[in-house]
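Numbers for residues simply follow the sequence, beginning at 1.
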Amino acid sequence: MGDFESAAKLFKTLTHPARLEILDILRGGEACVCHMEAVLGYRQAYISQQLMVLREAGLVQDRRDGWNMYYRVIQPAVYAVIDAAQQAQGGARVPARRKATQAPMVDGCSCPQCSPLEKVAA
């Protein structure tokens with residue numbers, strides 16, 4: 001029964017659309033919270049709440065770099081579950097927003113990843 005309980009916990013974690021959006025962003029690699037804010041349009045506190053759930057489920061890991069907190073997926077097999085769920089709904093997997101090895105630059109995001117000034121100074 002333990003296997004089913006852990007699977008149920010994973011499915012429960014994945015039932016929230018915002019968490020799926022966050023995982024979609026992280027599909028392309030590590031991203032900071034301010035980057036997720038700019039891409040998704042959610043408040044920082046809301047994104048942090050969802051990231052806490054993902055972290056407690058063992059799906060993501062964080063690291064601090066100065067003022068920025070970065071997150072990355074540590075259980076990439078979760079994408080097979082998400083993709084299978086999308087296929088089970090009768091369609092092919094929705095193309096990921098991020099396919100590159102790093103999330104793209106986003107207007108309105110001041111993180112080092114998006115800010116050209118930060119990249120020049122580095």
Side-chain angles (χ1 to χ4, degrees):
M1 197 69 164
D3 289 340
F4 290 117
E5 289 175 13
S6 62
K9 181 181 175 183
L10 172 64
F11 290 135
K12 184 176 179 182
T13 301
L14 297 176
T15 60
H16 199 290
R19 291 183 207 131
L20 293 173
E21 289 178 306
I22 289 169
L23 288 169
D24 185 51
I25 290 171
L26 297 177
R27 191 183 283 257
E30 184 178 71
C32 65
V33 175
C34 68
H35 185 80
M36 292 180 221
E37 274 184 277
V39 172
L40 300 174
Y42 297 133
R43 292 183 354 258
Q44 179 271 329
Y46 181 73
I47 292 171
S48 293
Q49 286 175 337
Q50 302 311 320
L51 284 164
M52 181 179 66
V53 173
L54 293 169
R55 190 175 56 242
E56 288 173 354
L59 297 176
V60 300
Q61 186 175 52
D62 61 345
R63 76 170 178 87
R64 180 174 294 282
D65 184 10
W67 291 98
N68 295 307
M69 185 67 79
Y70 290 87
Y71 288 84
R72 66 182 179 89
V73 171
I74 56 173
Q75 295 292 333
V78 72
Y79 293 117
V81 174
I82 294 168
D83 295 347
Q86 289 175 324
Q87 289 175 354
Q89 292 179 306
R93 187 183 71 74
V94 175
R97 225 179 292 186
R98 297 327 123 231
K99 288 209 184 238
T101 58
Q102 188 176 35
M105 291 176 32
V106 175
D107 289 337
C109 181
S110 61
C111 75
Q113 176 177 307
C114 291
S115 176
L117 295 176
E118 293 286 337
K119 290 187 178 225
V120 171

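- Remark: L20 engages L14, I82 in a side chain to side chain contact (heavy atoms under 4.5 Å, CB included) (not counting sequence neighbours).
- In terms of the side chain to side chain contact (heavy atoms under 4.5 Å, CB included) criterion, residue partners of Q61 (sequence neighbours excluded) are, by chain and number, R72, I74.
- Between L59 and Y71, the closest side-chain pair of non-hydrogen atoms is not below 4.5 Å.
- Linking Ile, Leu, Val, Met, Phe, Trp and Tyr residues whenever their side-chain heavy atoms come within less than 4.5 Å leaves F11 and V53 in two separate clusters.
- Note that the CG atom of L54 and the CD atom of Q75 stand 12.0 Å from one another [nearest 0.5 Å].
- Atoms CD and CG, from E30 and D65 in turn, are 8.5 Å apart once rounded to the nearest 0.5 Å.
- Nearest heavy-atom pair, I25 versus A31, reported as atom, atom and distance to 0.1 Å: CG2-CB, 4.0 Å.
- Residues passing the side chain to side chain contact (heavy atoms under 4.5 Å, CB included) test with N68 are C32, C34, Y70, P112, sequence neighbours excluded.
- Annotation: salt bridge (charged side-chain N to carboxylate O under 4.0 Å, His left out) contacts involving residues 46-56, sequence neighbours excluded, comprise R55-D62.
- No option in M36, E37, H35 other than H35 meets the side-chain contact (heavy atoms from CB on, under 4.5 Å) test with V39.
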Could you tabulate the donor-acceptor pairs under 3.5 Å formed by side-chain atoms of residues 41-51, not counting sequence neighbours?
unit_1, atom_1, unit_2, atom_2, d
Y42, OH, E21, OE1, 2.7
Q44, NE2, S48, OG, 2.8
Y46, OH, H16, NE2, 3.4
S48, OG, Q44, O, 3.1
Q50, OE1, R19, NE, 2.8
Q50, OE1, R19, NH2, 3.3

